[in-house]
Protein chains: 2
Amino acid sequence: MVSIDEVARAAGVSSATVSRALSGRGHVSPATRQKVLQVADELGYVVSSAASSLASGRTRNIGVMLPDLHRWFFSTVLTGISEELSRRGYDLTLYNVTDDAQVRQEIFSSFLRRRRVDGLIVVAMELDADEIDQLTGLGIPVLTLGGSNPRLPGRAIDDHGVAHLAVEHLLRLGHRRIGRIGAEASFNRDFHVPARRENGFRDALAEAGLSADRQLCVTADFTVEGGHRAAKSVLGRSTSAPTAVVAFSDEMAIGALLAARDLGLEVPGDVSVIGIDGHDLGPLFGLTTVDQHPLGQGGRAAREILELIEGTEALPTDDADADLPYDLVVRSSTSAPRIESVSAPH
Amino acid sequence: MVSIDEVARAAGVSSATVSRALSGRGHVSPATRQKVLQVADELGYVVSSAASSLASGRTRNIGVMLPDLHRWFFSTVLTGISEELSRRGYDLTLYNVTDDAQVRQEIFSSFLRRRRVDGLIVVAMELDADEIDQLTGLGIPVLTLGGSNPRLPGRAIDDHGVAHLAVEHLLRLGHRRIGRIGAEASFNRDFHVPARRENGFRDALAEAGLSADRQLCVTADFTVEGGHRAAKSVLGRSTSAPTAVVAFSDEMAIGALLAARDLGLEVPGDVSVIGIDGHDLGPLFGLTTVDQHPLGQGGRAAREILELIEGTEALPTDDADADLPYDLVVRSSTSAPRIESVSAPH
DNA sequence: CTTCATACTGGAAGCGCTTGCAGTGAGATG
DNA sequence: CATCTCACTGCAAGCGCTTCCAGTATGAAG
């Protein structure tokens with residue numbers, strides 16, 4: 001492995017100058033820089049991250065903490081983060097927090113404290129007070145994504161608004177009996193997300209003079225299987241089945257679509273289904289959804305954490321509280337309910 | 001941030017002894033070790049990875065390179081690796097290689113050369129000679145998974161055998177017109193995998209005195225959507241449609257299942273479908289598959305790379321060439337073909 | 001021509017650990 | 001009792017960079 005001294009010797013300068021030429025910090029004459037760059041390239045010199053980190057305190061590495069690689073949303077956000085970071089020359093260290101409490105504990109008390117990262121992006125995790133203390137005690141920028149926490153800066157979509165929009169869409173189509181596939185509170189994941197969506201769901205109904213029918217509201221675990229199971233119980237009702245269902249994730253919505261088929265129900269004829277996320281498979285299933293652009297969220301989070309780290313100027317705080325964008329994408333899984341359901345004659 | 005010297009002072013020993021007590025290298029009396037451990041814990045001391053790496057040459061960090069986080073197989077393997085590594089106190093740096101040739105080039109020529117990792121696991125990637133040179137030039141253990149390469153040690157399933165087993169299953173059920181959803185060669189991914197499965201497919205047919213019908217063999221991109229599209233073209237044939245289809249991934253098989261439904265075909269009545277992988281959603285779809293246990297593959301790869309790095313004994317080479325295990329899992333997507341197809345009267 | 005500011009460069013002091021080496025003391029051996 | 005062995009410990013030299021500081025040269029300003 002070639003060291004900075006070899007480059008310095010070959011270029012006829014000091015190692016200090018090589019360091020400055022390569023990092024862009026400090027003054028180096030154009031000619032010298034040119035020469036150093038060329039020599040470094042010829043020799044295949046790449047700075048040792050350990051030595052550089054130790055001397056400078058910078059690691060050029062970002063940590064990403066998330067609760068479950070298997071959910072589409074997380075792997076998509078991670079992809080977005082990863083692409084942006086590699087474009088900017090940063091490495092990515094993954095902290096995949098499992099349901100094992102001891103592993104989780106270990107991540108907070110040991111892994112993160114090795115000073116391996118310059119910044120941390122925490123995706124959709126519910127953190128307790130101790131954990132937040134540990135994160136703030138790290139002395140590095142921490143950004144949350146999709147799980148807002150008053151003590152930590154971060155971005156999230158307006159979960160209330162997202163659910164509200166989904167329900168609104170169904171109401172506008174004329175639905176009045178609307179089911180809901182929500183989510184259970186989970187040890188690892190942010191339980192505020194389902195709670196806020198729940199409120200959006202209820203408020204939208206309330207504004208239309210309706211109230212949520214407890215029997216049409218079930219919970220699942222954000223997965224296709226969970227959504228399938230939950231939908232079966234709601235849609236399989238012999239009496240007063242809903243004419244539409246809103247699922248709090250696209251994966252659950254897809255599960256609901258499959259459940260409807262299994263039950264011999266036509267979508268959207270017998271029942272409309274709307275999800276939240278913007279899943280890749282949405283087009284294939286014709287799924288109407290509220291797209292929250294997870295890939296873009298990841299890229300944006302990456303850009304913002306780098307801004308926090310490298311930013312010469314102060315953070316654009318005016319922009320800092322802006323909610324992330326989301327859009328209703330109408331496909332073929334929603335339509336007006338069959339005429340007999342629209343208004344019950346009295 | 002507390003340093004090793006502070007721990008040393010508080011414990012009344014030298015920093016050398018603290019280092020030895022915490023790392024377990026060298027001799028430390030039980031009493032001293034006890035004391036150091038206790039003090040370190042009280043002070044919340046965690047070793048600085050940069051300083052430790054620079055001094056020792058070890059990083060306690062493993063790199064994982066894979067071509068696409070979105071495919072179920074990769075995120076599952078990654079989960080398996082991640083769990084095992086965190087259990088062993090290792091960090092994980094992710095190299096998510098995109099289709100962008102420049103990004104890929106950059107990963108090989110810069111990112112990997114920062115000496116940030118003690119070992120590298122390369123999952124299902126096709127590497128050219130230059131890239132392999134660059135990997136071997138890293139001076140660290142490199143392990144491939146699911147994309148065997150003669151110049152790099154690694155594990156893979158017997159792809160020929162896997163496809164052979166899938167076809168065998170269909171043949172045993174009495175199928176004779178068997179379609180195939182294979183995969184296109186891709187810039188990033190290992191194109192030997194589809195090629196070997198193709199051979200397994202053909203050989204199994206040949207052993208039954210059959211040959212592959214070109215018109216029933218299509219390719220896709222390993223995704224649900226791709227499988228859906230491909231299956232539509234094969235199953236939608238007005239004449240001589242296959243009675244069974246083998247897909248080279250479960251995601252494509254699921255796509256095929258959906259396509260069959262869209263076409264009004266019953267599975268397995270009108271057409272049997274079998275996949276390869278062991279996808280989480282297999283049970284939900286009743287998908288018959290050849291399970292290759294990706295989670296276990298990840299864990300095993302992690303264990304092996306650590307063995308390569310820390311291993312006191314030589315690698316158990318007798319075991320080194322063993323293929324990874326796989327199993328036929330029969331569910332409800334395969335059955336005997338309808339009687340009229342079994343043997344055409346002449 | 002002198003004075004100053006400024007661009008550029010090199011020397012050298014760390015960054016916070018690990019580990020080779022040497023020293024100490026205690027138990028084992030003859 | 002002398003000698004040896006060996007577990008234990010501390011000292012100090014790095015690991016390969018970054019960056020402060022000081023020194024030189026150059027051009028501008030007075």
Side-chain angles (χ1 to χ4, degrees), chain A residues 1-37 39-40 43-61 89 91 110 113-116 118 139-140 309-310, chain B residues 1-37 39-40 43-61 89 91 110 113-116 118 139-140 309-310:
Chain A
M1 276 292 163
V2 23
S3 76
I4 199 172
D5 287 313
E6 299 175 49
V7 177
R9 210 171 307 127
V13 297
S14 71
S15 62
T17 297
V18 174
S19 175
R20 281 187 287 251
L22 260 28
S23 70
R25 297 165 180 269
H27 302 285
V28 179
S29 76
T32 308
R33 153 170 291 118
Q34 194 60 35
K35 175 72 178 165
V36 169
L37 257 42
V39 170
L43 264 46
Y45 171 73
V46 174
V47 66
S48 151
S49 64
S52 176
S53 299
L54 183 58
S56 72
R58 282 172 261 111
T59 64
R60 289 192 80 72
N61 189 25
D91 282 322
S110 296
R113 307 189 56 204
R114 293 179 186 155
R115 278 160 286 175
R116 204 188 273 292
D118 290 337
I140 56 171
I309 292 165
E310 304 179 339
Chain B
M1 277 290 164
V2 23
S3 77
I4 198 172
D5 287 313
E6 299 176 49
V7 177
R9 209 170 308 127
V13 296
S14 70
S15 62
T17 297
V18 174
S19 175
R20 281 188 283 252
L22 293 173
S23 71
R25 295 163 181 270
H27 302 285
V28 179
S29 78
T32 309
R33 153 171 290 118
Q34 194 61 34
K35 175 72 179 166
V36 169
L37 258 41
V39 170
L43 266 46
Y45 171 74
V46 174
V47 68
S48 152
S49 63
S52 176
S53 299
L54 183 57
S56 71
R58 283 172 259 111
T59 64
R60 289 192 80 73
N61 189 25
D91 282 322
S110 297
R113 307 189 56 205
R114 293 179 187 156
R115 277 160 286 175
R116 205 190 272 290
D118 289 338
I140 56 171
I309 291 165
E310 304 179 337

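Note on naming: letters A, B, ... go to the chains in the order of the sequence lines (proteins, then strands), and numbering restarts at 1 for each one.
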Legend entry - Options C:dG10, D:dT9, C:dT9, nucleotide nearest the side-chain atoms of B:Val28: D:dT9

Legend entry - A:Thr59 backbone acceptor or donor facing A:Asp118 side chain under 3.5 Å: yes

Inset, instruction - Answer with base, sugar-phosphate or nothing: what part of the nucleic acid does A:Arg33 contact at a heavy-atom distance below 4.0 Å? - result: nothing

Legend entry - Side chain of A:His27 (C-beta onward), nearest among D:dC8, C:dT19, C:dC8: C:dC8

Inset, instruction - Check whether any side-chain N or O of A:Ser3 sits under 4.0 Å from OP1 or OP2 of D:dG16, and answer yes or no. - result: no

Legend entry - Candidate nucleotides C:dC17, D:dT18, C:dG10, ranked by approach to the side chain of A:Ala16 - the nearest: C:dG10

Inset, instruction - Go through C:dG11, C:dT18, C:dC21 for me and flag the one nearest to the B:Ala55 side chain. - result: C:dT18

Inset, instruction - Can you figure out which of C:dG16, D:dG10, C:dG11 approaches the side chain of B:Ala51 most closely? - result: C:dG16

Inset, instruction - Could you state the atom-to-atom distance from CD1 of A:Ile4 to P of C:dG14 in whole Å? - result: 19 Å

Inset, instruction - Write down the distance between CG (B:Leu22) and P (C:dC17), rounded to a whole number of angstrom. - result: 10 Å

Legend entry - N or O in side chain of A:Thr17 less than 4.0 angstrom from C:dT9 OP1/OP2: no

Inset, instruction - Looking only at side-chain atoms of B:Arg20, point me to the closest of C:dT18, C:dG10, C:dT19. - result: C:dT19

Legend entry - Interatomic distance where CG belongs to A:Leu54 and P belongs to C:dG16 [whole Å]: 7 Å

Legend entry - Nearest-angstrom distance from the residue atom CZ of A:Arg114 to P of C:dC17: 13 Å

